[in-house]
Protein chains: 2
Amino acid sequence: MTTTGMTETSAEAAHPAPVRTVDALADSIRAAGLKVTAPRLAVLRALADAPHSTADRLFTDVRTELPGTSLQAVYGVLAAFTAGGLARKIEPSGSAALFERRVGDNHHHIVCTRCGTVRDVDCAVGEAPCLTPDDAAGFAVRAAEVTYWGLCPACQVELATTLTGPPLLSNKGAR
Amino acid sequence: MTTTGMTETSAEAAHPAPVRTVDALADSIRAAGLKVTAPRLAVLRALADAPHSTADRLFTDVRTELPGTSLQAVYGVLAAFTAGGLARKIEPSGSAALFERRVGDNHHHIVCTRCGTVRDVDCAVGEAPCLTPDDAAGFAVRAAEVTYWGLCPACQVELATTLTGPPLLSNKGAR
DNA sequence: CCGTTGTTTTGAGTTATTCAAAACACGCAC
DNA sequence: GTGCGTGTTTTGAATAACTCAAAACAACGG
């Protein structure tokens, strides 16, 4: 655990309400051309509950409902999901990879520099956003990824009140 | 070296011509409030020669002119440079951290999904670019970082001619 | 129900990076 | 110029986050 918890606490409804019933989850897994298995269902549900989670966090979550699961299984499931378009992998600088159920929309992320919390941010520029740099140096651009860095509301408050300014970035498991 | 050569071959003049004379390099190090040492000079010069290099690549480069240098020293130097505003660290998904001499301007990067080459891209939207998302979810935004993904000119050619397609370097968000 | 093929477990390896203690050296004071 | 204090670098080792591979296992089409 190099950096922070980089996860969401709980009630973190994504814009499109995430599917949670077992059969709905199973359906989306099947729809991605994958076999439906217990670990996959568990990971997908954990992902619905806590977007922007690390593999490790998902592993812990999954273990509570499916104790026999291995970490490698979680990595495998996430790789399959990512390849199948069921999930998206993001890798903010300084943190382990985070996963979220992919919405197909192209949204971006804002990361708190202090506590590591991640939130979704809709693309300001509409559909294909910053997708066209002025000079792409001859590259055929396929995708653009924007990461915003800043202070989350909670950390703003903490910094404002706590004039005794100690922490700043890389605080431990402050969930 | 998990991925590819994530570096620049050679003649890769950054927009503002990089400083290369020993005393100029020394000056900028001093200006950052750091002691001038041989490893630091070597790393800074290597960085001028090959922007977007990994610590390991810089280590190799530095070794040719300063054989006694340790990898940890390079990491230390880069950390000091980054903290002192002499260099910038970028971490494209799937690759080790890359370093470049920071220009203070806010430019972004385009990464080839096939060979890993990185180029600078000026911000299309002017000074403070995509810095203001519509809804920042209450975050105090401090910075925005854009990463473009696509095919570099060379790889476009290779893919076009080599119809025998054994391509693709663990392709990222190619959607 | 059965076999095939895709998954998961088990066990081990790798890479990029960080930590810590001791040797060293830059550059200011004298 | 020389000595010294503090910042650097070397040396040595540890860690986090993944990845690889072989064997056990289980979905699901027939």
Side-chain angles (χ1 to χ4, degrees), chain A residues 1-7 22 25-27 29-44 53-60 62-63 66-84 86 89-99 116 169-170 172-173, chain B residues 1-4 6-7 26-27 29-30 32-44 53-60 62-63 66-84 86 89-99 116 169-170:
Chain A
M1 214 160 285
T2 307
T3 352
T4 327
M6 281 279 178
T7 43
V22 205
L25 293 175
D27 281 347
I29 292 174
R30 247 186 299 271
L34 299 166
K35 284 184 180 173
V36 177
T37 67
R40 285 179 176 173
L41 285 171
V43 169
L44 195 51
S53 295
T54 61
D56 201 65
R57 163 72 190 278
L58 291 170
F59 172 59
T60 314
V62 163
R63 280 229 140 189
L66 202 67
T69 317
S70 72
L71 177 58
Q72 286 84 336
V74 174
Y75 274 111
V77 168
L78 288 171
F81 282 2
T82 303
L86 267 184
K89 181 185 188 179
I90 63 174
E91 300 177 56
S93 301
S95 107
L98 305 179
F99 296 85
L169 200 55
S170 95
K172 270 291 174 186
Chain B
M1 237 150 265
T2 305
T3 354
T4 329
M6 280 285 176
T7 43
D27 281 347
I29 292 174
R30 247 184 300 272
L34 298 167
K35 286 184 180 173
V36 178
T37 67
R40 286 179 176 174
L41 285 170
V43 169
L44 195 52
S53 295
T54 61
D56 199 66
R57 162 73 189 279
L58 291 170
F59 172 59
T60 314
V62 163
R63 280 229 139 189
L66 203 67
T69 317
S70 71
L71 176 58
Q72 286 83 338
V74 174
Y75 273 109
V77 167
L78 289 171
F81 281 3
T82 303
L86 268 184
K89 181 185 188 178
I90 62 174
E91 299 176 57
S93 300
S95 107
L98 306 178
F99 296 85
L169 154 96
S170 76

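Sequence lines set the chain letters: A, B, ... in the order given, protein chains first and strands last, and positions in each chain run from 1.
- Looking at every heavy atom in both residues, B/Glu91 comes nearest to B/Ala97 through CG-CB, 3.9 Å.
- Regarding A/Glu91, its CD atom lies at a distance of 14 Å from the C1' atom of C/dT15, rounded to whole Å.
- Phosphate proximity of D/dT9 to B/Thr37: present, with a side-chain N or O under 4.0 Å from OP1 or OP2.
- Nucleotide D/dT8 holds its P atom 13 Å from the CG atom of B/Leu41, rounded to whole Å.
- When rounded to the nearest whole Å, the span between CZ of A/Arg30 and C1' of C/dT7 equals 16 Å.
- Taking CG of B/Leu34 as the reference point, atom CZ of B/Phe81 lies at 7.0 Å (rounded to 0.5 Å).
- Looking at every heavy atom in both residues, B/Gly84 comes nearest to B/Ala32 through O-CB, 3.8 Å.
- Between the C1' atom of D/dT10 and the CZ atom of B/Arg63 lies a distance of 11 Å, rounded to the nearest Å.
- Taking the side-chain contact (heavy atoms from CB on, under 4.5 Å) definition, one finds that A/Arg30 meets it with A/Ala26, A/Asp27, A/Val36, sequence neighbours left out.
- Using a 4.0 Å cut-off on heavy atoms, the residues of residues 69-81 of chain A that approach DNA chain C are A/Thr69, A/Ser70, A/Gln72, A/Ala73, A/Val77, listed by number.
- Between B/Pro39 and B/Val62, the closest side-chain pair of non-hydrogen atoms is not below 4.5 Å.
- Distance check: A/Leu78 CG to A/Leu86 CG gives 11.0 Å after rounding to the nearest 0.5 Å.
- Separating the NZ atom of B/Lys35 from the C1' atom of C/dC26 is a distance of 5 Å, rounded to the nearest angstrom.
- One atom, CD1 of B/Ile29, and another, C1' of C/dC26, lie 12 Å apart when rounded to the nearest Å.
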- Note on the structure: Symbol by symbol from the 5' end, with Watson-Crick or G-U pairs under 3.5 Å, [ ] crossing and | another strand, DNA chain D is ||||||||||||||||||||||||||||||

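- If you take CG of A/Asp27 and P of D/dA27, they are 17 Å apart, rounded to a whole angstrom.
- Atom CG of A/Leu34 and atom C1' of C/dT8 are 14 Å apart (whole Å).
- Note that the CZ atom of B/Arg63 and the CG atom of B/Leu71 stand 9.0 Å from one another [nearest 0.5 Å].
- Heavy atoms of A/Ala55 sit nowhere under 4.0 angstrom from any nucleic acid atom.
- Here the CD1 atom belonging to B/Ile90 is positioned 11.5 Å from the OG1 atom belonging to B/Thr82, to the nearest 0.5 angstrom.
- Note that the OH atom of A/Tyr75 and the CG atom of A/Leu58 stand 10.0 Å from one another [nearest 0.5 Å].
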